[in-house]
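What follows is one structure encoded as structure tokens, with my remarks underneath.
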Amino acid sequence: MEAGAIELDGLDGGCALTATLESGQSYLWTRSDGLMYQAPPTEQTWYELAHEAGFLRVRRRAGRLEWEGTGDPKRVLMDRLRLDDDLPSIYAEFPEDPMLQAAINYVPGMRLVRDPPFACLISFICSAQMRVERIYGMQRALTETYGTIVPGTDAKAFPTPEALAQTTEADLRALGLGYRAPYVRETAAMVADGTDPTTAADMPYEDARSYLTQFTGVGEKVADCVLLFSLDHLEAVPLDTWIRKSIERVYPACARDSYPATSKAIRTQFGGTYAGYAQTYLFHYLRTSEDPW
DNA sequence: CCCCAGGCACCTC
DNA sequence: GAGGTGCATGGG
């Protein structure tokens with residue numbers, strides 16, 4: 001096992017770890033105290049990730065980011081938490097905007113995640129009409145039941161497309177997925193048969209969004225989530241219920257009669273290139289703050 | 001009992 | 001393409 005620590009200056013140690021991993025972006029991490037989405041962590045609490053090539057755990061302690069694990073853990077850490085993103089430069093692209101500024105001040109240093117495409121796709125198919133805490137529970141259930149054992153550990157990584165393709169709709173309904181069960185199974189089968197969501201990473205943004213909607217259970221909103229949280233399309237702005245409400249109240253000029261048109265308007269409003277970062281700060285702020293706008 | 005949750009598939013027109 | 005409807009499940 002390797003171990004180390006990263007010094008990160010400014011912006012809440014350069015990585016608001018709890019906000020990044022408990023803001024409904026990734027559903028693949030667990031906590032050593034088992035209290036994900038239930039209670040704040042302490043300096044002893046590890047965030048843990050089992051993946052196909054090993055495991056990684058990380059915690060923020062004494063102003064540093066401590067990590068340990070197997071399977072090139074530092075590289076995985078940098079990749080999954082986008083630690084190479086230059087946050088001050090990203091903030092500088094945002095408009096002068098009181099609500100957006102309040103959202104950044106709420107969790108300065110929060111980062112986007114970079115999840116593997118298949119796991120991200122399934123996670124957000126499950127997100128339809130569902131609270132963040134329950135989406136998390138579904139992904140835990142899928143992993144515990146159909147996941148892959150990480151060699152040398154008792155931890156399980158998110159299931160492969162093949163593993164989920166071999167389930168039945170009834171199997172997945174038994175895990176509480178409800179009407180999302182057939183969507184998950186069919187999309188897993190499509191990926192197992194060779195339709196690769198990663199292809200969208202190299203396409204122009206709007207083409208990429210359209211491409212992802214070929215998967216069952218994936219509409220424009222879920223496609224935007226996968227583009228933003230997995231495929232490096234940082235301009236993607238998922239138009240969920242929270243963001244739609246804020247558009248009505250704060251950016252009424254951006255409201256249009258279709259998803260693509262509203263998307264384009266709000267992406268422009270949020271400065272284009274990193275509009276998805278702005279969306280994610282707003283989402284977390286609106287969803288969890290005691291007194292949002 | 002009601003309503004709602006990081007929407008989507010399917011059906012009309 | 002735009003607009004309505006049904007959909008599983010758990011929590012307030």
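The model shown is predicted, which means the values in this text are computed figures rather than measured ones. In what follows, chains carry the letters A, B, and so on, assigned in the order in which the sequence lines appear, proteins first and then strands, with residues in each chain numbered from 1.
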Distance alone, cut at 3.5 Å: any donor-acceptor contact between the side chains of [X] and [Y]?
X        : Y        : answer
A:Gln44  : A:Thr42  : no
A:Asp85  : A:Tyr277 : yes
A:Glu22  : A:Tyr47  : yes
A:Ser263 : A:Arg267 : yes
A:Asp115 : A:Ser230 : no

For the pair made of [atom1] in [X] and [atom2] in [N], what is the distance, rounded to whole Å?
X        : N     : atom1 : atom2 : answer
A:Phe215 : B:dA9 : CZ    : P     : 12 Å
A:Tyr27  : B:dA5 : OH    : P     : 14 Å
A:Glu186 : B:dC8 : CD    : P     : 15 Å
A:Gln279 : B:dG6 : CD    : P     : 13 Å
A:Trp242 : B:dG7 : CH2   : P     : 11 Å
A:Met138 : B:dG6 : CE    : P     : 11 Å
A:Arg244 : B:dG7 : CZ    : P     : 9 Å
A:Ile135 : B:dG7 : CD1   : C1'   : 11 Å

Review point. Got a salt bridge between A:Glu133 and A:Arg287, using NZ or NE/NH1/NH2 to carboxylate O under 4.0 Å?
Key: yes

Point to revise | Close approaches to DNA chain B from residues 261-272 of chain A, in residue order (heavy atom, under 4.0 Å) | key: none

Exercise for review: Between A:Thr213 and A:Gly24, just flag the one whose closest nucleotide in DNA chain B comes earlier from the 5' side.
Suggested key: A:Gly24

Point to revise | Residue mapping more 5' on DNA chain B - nearest nucleotide basis, A:Gly219 or A:Arg134 | key: A:Arg134

Identify whether any heavy atom of [X] sits under 4.0 Å from a base atom; if not, whether one sits that close to sugar-phosphate; answer base, sugar-phosphate or nothing.
X        : value
A:Arg173 : sugar-phosphate
A:Phe229 : base
A:Ser23  : base

If you measure from the [atom1] atom in [N] to the same atom in [M], how many Å do you get, rounded?
N      : M      : atom1 : result
B:dG6  : C:dG3  : C1'   : 23 Å
B:dC11 : C:dA8  : P     : 15 Å
B:dC8  : C:dG10 : P     : 22 Å
B:dC2  : C:dG6  : P     : 15 Å

Practice item. Evaluate the side-chain proximity of A:Thr45 to A:Leu35: yes if any heavy-atom separation is below 4.5 Å, no if none is. Key: no

Point to revise | Stacked pair A:Phe283-B:dG6, distance under 5.5 Å, angle under 30° | key: yes

Check your understanding: When hydrophobic residues are tied together by side-chain contacts of less than 4.5 Å, even through go-betweens, does A:Leu56 share a cluster with A:Val113?
Key -> yes

Review point. What are the bounds, 5' to 3', of the part of DNA chain C that sits under 4.0 Å from heavy atoms of chain A?
Key: C:dA2 to C:dG10

Exercise for review: Verify whether the ring centers belonging to A:Phe215 and A:Phe118 lie closer than 6.0 Å.
Suggested key: no

Review point. Quick one: the side chain of A:Tyr259 and the base of B:dG7, do they pair up donor-acceptor inside 3.5 Å?
Key: no

Exercise for review: Look at atom CZ of A:Phe55 and say whether more than 12 heavy atoms of other residues, nucleotides or ligands are closer to it than 6.0 Å.
Suggested key: yes

